[in-house]
Structure formats: C-alpha cells, structure tokens
Amino acid sequence: MNLSETAFIRKLNPGDDFTKSSCFGLRWFTPANEVPLCGHATLAAAAVLFHIKKNTNSVLTFVTLSGELKARQVEDHIVLDLPLYLTYPQVLQEVEELIKAAIGDMIVQDLRYSPDTKKLLVRLSDAYERSVLEELQVSAQRFLSAEKTGKVKGLILTLKGNSSGKHKGHDFYSRYFAPWYGILEDPVTGSAHAVLSSYWSEQLGKKEMLAFQCSCRGGELKISLRNDGRVDIAGQIAIVLKGNLIF
C-alpha cells in the first residue's frame with residue numbers, strides 16, 4: 001500500500017459481523033514485511049469499526065502477534081491498551097556508528113535498548129530544544145549499513161519536554177525510524193511509545209504524560225501507565241480516504 005503500515009482486519013468466526021462483533025483478528029504490514037505491533041494502524045482499525053461500520057460495542061478486542069489489544073472510545077479520542085516494554089542501558093561502542101549516522105556529533109544524554117521490540121532509544125541532551133529535533137536531517141537509509149549488531153530494528157530519537165515556552169505541556173518529544181522494515185520515518189508510532197512510556201515514566205516519576213512525535217505530519221499522544229504492566233495510549237483520528245480494493 002506504500003504506507004508505513006497497512007492494517008488488515010479479519011473476522012475470527014464465520015458468523016462474525018463488523019457491526020456487532022467485539023473481537024477480530026488484526027495484522028499489520030509495511031511495504032517490506034509483517035510487523036508484530038503497530039499502534040497507529042490499530043487506532044485506524046478501531047476508527048473504521050467505530051465510525052464507518054458503526055460497531056455497537058464500547059470495547060473492541062484485536063487478536064494480534066502481540067497478544068490481545070483492546071480499543072475503546074473516550075470522548076473524542078480512541079484509547080489503545082498496549083504492552084509496556086522496558087528498556088535497559090546500551091553500551092555506546094556497540095552502536096556508535098549507527099548513532100553517528102543518525103545524529104552526527106549531537107550530544108547523547110542516555111542510551112537504552114528494548115530487547116522485546118528490538119528498538120534503540122537515543123535520548124538527546126536536555127540542552128536541545130524541540131526545534132532541533134524537528135529540523136534534524138536524517139538519512140535513515142544509511143542506518144542499514146551502519147548497524148552492525150543485527151539486533152536493532154527501530155531507532156527512537158527522544159528529547160525531554162519543556163515546562164515553559166512556545167511548546168510547553170509536552171513531557172517528551174520523539175521521532176522514529178525503521179528502514180529495516182522499509183519505513184524511513186514513521187509519522188506517529190504507538191509501538192515506539194510503548195517503549196518511550198516506560199522510559200520517561202521512570203525518568204520523570206509520572207504515570208500520566210503527554211507526548212508529541214515530531215515528524216513532518218506530527219501527532220500528540222496521551223499516555224497513562226496502568227497497574228497491570230500495560231499502557232493506555234490515546235489519540236484522535238480523522239478519516240481522510242475511503243475506497244474499495246478490487247482483486
């Protein structure tokens with residue numbers, strides 16, 4: 001489909017109905033391959049069922065490669081119940097060439113790795129403003145040759161938010177790159193925030209956070225860590241295109 005991810009919803013049983021049933025199968029594909037988790041494509045799947053198919057259930061359950069994911073409507077947002085992934089300190093020398101390819105000589109404040117998602121989290125210095133992250137020119141295609149360990153499949157650049165100034169109110173900012181899956185840069189990434197949520201909650205001592213992903217399109221995410229080791233991530237939706245695929 002030539003988009004970061006395309007979501008495919010399927011009925012689990014012959015008698016299921018997109019309007020009345022509450023549980024569906026869900027798979028996600030990039031232009032290159034299938035991925036184990038995609039938050040914004042899950043948000044889109046829920047939006048189509050709630051708003052286009054007029055599904056009557058208050059909560060939808062999706063059976064996926066990452067287990068059961070739930071989506072519910074709360075006012076003008078859709079809230080996703082996603083796994084929460086921990087990060088661990090990463091030795092700089094192992095991934096130094098990759099980081100150099102991504103950010104050049106910028107100052108790195110912290111470096112973490114999420115083994116469950118194979119995502120590398122690079123926290124830039126708190127001295128940088130949001131505009132520095134937004135304006136950073138990244139050639140993600142170079143990551144493929146620069147990554148030597150074979151364990152990184154996604155790169156998160158993140159920055160602490162500002163408590164004052166033009167963009168006050170966001171706890172942290174991010175950008176996400178996954179050329180290993182055919183995605184040079186993803187606009188807004190739920191799966192990356194399943195990693196970022198655990199990291200920034202630990203750093204800030206907060207369970208309720210507001211995040212912004214600084215891609216060209218950009219997107220705001222409301223985050224709430226739960227007591228069961230999962231995270232609720234809420235976002236708004238807009239239906240921009242309708243059509244039919246003919247096989």
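Residue numbers count from 1 along this sequence. As a basis for the values below, the full set of heavy atoms in this structure was taken, side chains included, without hydrogen atoms, waters or symmetry mates.
Panel note: side chain R10, backbone G25; no donor-acceptor pair is recorded below 3.5 Å. In this structure a side-chain-to-backbone donor-acceptor pair under 3.5 Å is missing from N13 to G15. Judged purely by atom type and a 3.5 angstrom limit, K53 has no side-chain atom pairing as donor or acceptor with the backbone of F50. Side chain of S66 to backbone of P36: a donor-acceptor contact under 3.5 angstrom is found. Side-chain N or O atoms of S198 include one that pairs as donor or acceptor with a backbone N or O of V195 at under 3.5 Å.
Among residues two or more places apart in sequence or in another chain, the side chain to side chain contact (heavy atoms under 4.5 Å, CB included) test is passed with K206 by D171, L204, M209. Scanning for side chain to side chain contact (heavy atoms under 4.5 Å, CB included) contacts around E202 gives R112, with sequence neighbours left out. A search for salt bridge (charged side-chain N to carboxylate O under 4.0 Å, His left out) contacts involving K11 returns nothing, not counting sequence neighbours. Contacts of T42 classified as side chain to side chain contact (heavy atoms under 4.5 Å, CB included), with partners at least two apart in sequence or in another chain: L26, W28, F62, L69, L80. Scored by the side chain to side chain contact (heavy atoms under 4.5 Å, CB included) test, S139 finds R142 as partners (sequence neighbours excluded). With sequence neighbours left out, N57 forms a side-chain hydrogen bond (donor to acceptor under 3.5 Å, both in side chains) with N55. For the side-chain hydrogen bond (donor to acceptor under 3.5 Å, both in side chains) test, residues two or more places apart in sequence or in another chain that qualify with T30 are N33.
E147 places none of its side-chain heavy atoms less than 4.5 Å from the side chain of L155. A heavy-atom distance below 4.5 Å is found between the side chains of L111 and V95. Contact of the V48 side chain with the F18 side chain is not registered, since no non-hydrogen atoms from C-beta on lie closer than 4.5 Å.
The 12-atom threshold is not exceeded at NZ of K20, counting heavy atoms of other residues, nucleotides or ligands nearer than 6.0 Å.
Taken to the nearest 0.5 Å, the CG atom of L60 stands 6.5 Å off from the CZ atom of F24. Of the inter-residue distances, the one linking S114 atom OG with K151 atom NZ reads 11.0 Å to the nearest 0.5 angstrom. Atoms CD and CZ, from Q203 and R123 in turn, are 5.0 Å apart once rounded to the nearest 0.5 Å. Taking NZ from K207 and OG from S201, the interatomic distance works out to 7.0 Å, rounded to the nearest 0.5 Å. The CG atom of D16 lies 8.0 Å from the SG atom of C23; values are rounded to the nearest 0.5 Å. One distance of note links CG of L92 with CG of D110; it measures 11.5 Å at 0.5 Å rounding.
Note on Y173: it does not cluster hydrophobically with I156, by side-chain heavy-atom contacts below 4.5 Å among ILVMFWY residues. When hydrophobic clusters are built by joining Ile, Leu, Val, Met, Phe, Trp and Tyr residues whose side-chain heavy atoms come closer than 4.5 Å, directly or via intermediates, V188 is not grouped with L157. If you chain together hydrophobic residues whose side chains sit under 4.5 Å apart, I223 and L84 fall into the same group. I9 and F29 fall into different hydrophobic clusters, defined by Ile, Leu, Val, Met, Phe, Trp and Tyr side-chain heavy atoms under 4.5 Å apart, directly or through other members. By the rule that hydrophobic residues join a cluster once side-chain heavy atoms approach within less than 4.5 Å of another member, V91 and L86 end up as members of separate clusters.
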| Can you check side-chain contact (heavy atoms from CB on, under 4.5 Å) on L121 and L196, steps first, answer last? | CA-CA 8 Å; L121 184 155; L196 285 160; 3.8 Å; yes
Show me the donor-acceptor pairs within less than 3.5 Å that the side chains of residues 96-106 make with the rest of the protein, sequence neighbours left out.
from	atom 1	to	atom 2	distance (Å)
K100	NZ	D105	OD1	2.4

With a cut-off of 3.5 Å and sequence neighbours excluded, list every side-chain donor-acceptor pair involving residues 177-187.
from	atom 1	to	atom 2	distance (Å)
E185	OE1	R175	NH2	2.9
E185	OE2	R175	NE	2.9
D186	OD1	S4	OG	2.8
D186	OD2	T189	OG1	2.8

Tell me which donor-acceptor pairs under 3.5 Å the side chains of residues 231-247 have, and how far apart each pair is, sequence neighbours excluded?
from	atom 1	to	atom 2	distance (Å)
D232	OD1	R226	NH1	3.2
D232	OD2	R72	NH2	3.3
Q236	NE2	D76	OD2	2.7

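Listed by first and then second residue, the ring pair (Phe, Tyr, Trp, His ring centres under 6.0 Å) pairs involving residues 72-122 amount to none (not counting sequence neighbours). Counting only residues at least two apart or on different chains, the ring pair (Phe, Tyr, Trp, His ring centres under 6.0 Å) pairs with a member in residues 188-231 are H170-F212, F172-H193, F172-W200.
Here the closest non-hydrogen pair linking G154 and V152 is O-CG1, 3.5 Å. Shortest non-hydrogen contact noted between N162 and E129 is ND2-OE1, 3.1 Å. The minimum heavy-atom distance linking A41 with A7 is given by the pair O-CB, 3.6 Å.
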